[in-house]
Amino acid sequence: MLLDGRRANSCLVFAVAAEGREIRTVEDLAQEGALHPLQRAFLDRDGLQCGYCTPGQLCSAAGVLAEADRGWPSRVTEDVAAGIGSAADLDREEVAERMSGNLCRCGAYTGIVDAVLEAAGASPAEGGRE
Ligand code: FES
C-alpha cells in the first residue's frame, strides 16, 4: 500500500499507526474506469502470471515512480548524491533494485521490470523484451 504516498507493507503497519494518514491500495490506481498506466503496462508486458503478488507489485511500482520523480537515489544509483533525474531515467538495474522487496513466486520479474519501465516512459534497456 501507499501510506501518505510512500510504500509500506500493509501487514507490518499497526492500524493505530495509520490513523489519520492517507492510505492508497491497488483499488485506488484506476481512475473513472480507466486503468492506471502501470496496470495497462503490466497487462501489455506480461507482468503477472497467477496475480497473487500483483496488487503489491503495482503499489510498489507506483511508489517507485514517485520516488524517482522526486530524485531519490537507490543503492545502485551511480551518483547517490546527485540522485536520479526522474522516473524516465530509470533503467533495468534501478527498477530491479527498487522493486526487490516484492517477491513473485511465479518469477514474472522480467515482465514486471518491462512494465515499470514502460509506465515510467523509460527507454527499454538492453535485454528488454520489445
Ligand atoms: Fe504469481 Fe507473482 S504473478 S506470484
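When a ligand or atom number is given, it counts from 1 through the structure's own listing order. One-based numbering along the sequence shown. For clarity, every value in this text was computed on a predicted model and none was experimentally measured.
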Original post:
Taking C-beta and beyond as the side chain, do Arg98 and Thr77 meet within less than 4.5 Å on heavy atoms?
Top reply: yes

**OP:** Could you note down all residue pairs passing salt bridge (charged side-chain N to carboxylate O under 4.0 Å, His left out) where residues 24-44 supplies at least one of them, sequence neighbours left out?
**Re:** Arg40-Asp44

Residues 15-23, side-chain donor-acceptor partners within the protein, below 3.5 Å, at least two apart:
unit_1: Arg21; atom_1: NE; unit_2: Asp4; atom_2: OD2; d: 3.0
unit_1: Arg21; atom_1: NH1; unit_2: Ala17; atom_2: O; d: 3.3

**OP:** May I have all residue pairs that pass side chain to side chain donor-acceptor pair (under 3.5 Å) and include part of residues 100-109, sequence neighbours excluded?
**Re:** Ser60-Asn102

Subject >> Near atom 1 (Fe) of ligand 1 (cut-off under 2.8 Å), count of protein N, O or S atoms >> reply: 2

Original post:
Same cluster for Leu58 and Leu2 if Ile/Leu/Val/Met/Phe/Trp/Tyr side chains link at under 4.5 Å?
Top reply: no

Original post:
If only atom types and distance count, is the side chain of Asp79 paired as donor or acceptor with the main-chain N or O of Ala81 below 3.5 Å?
Top reply: yes

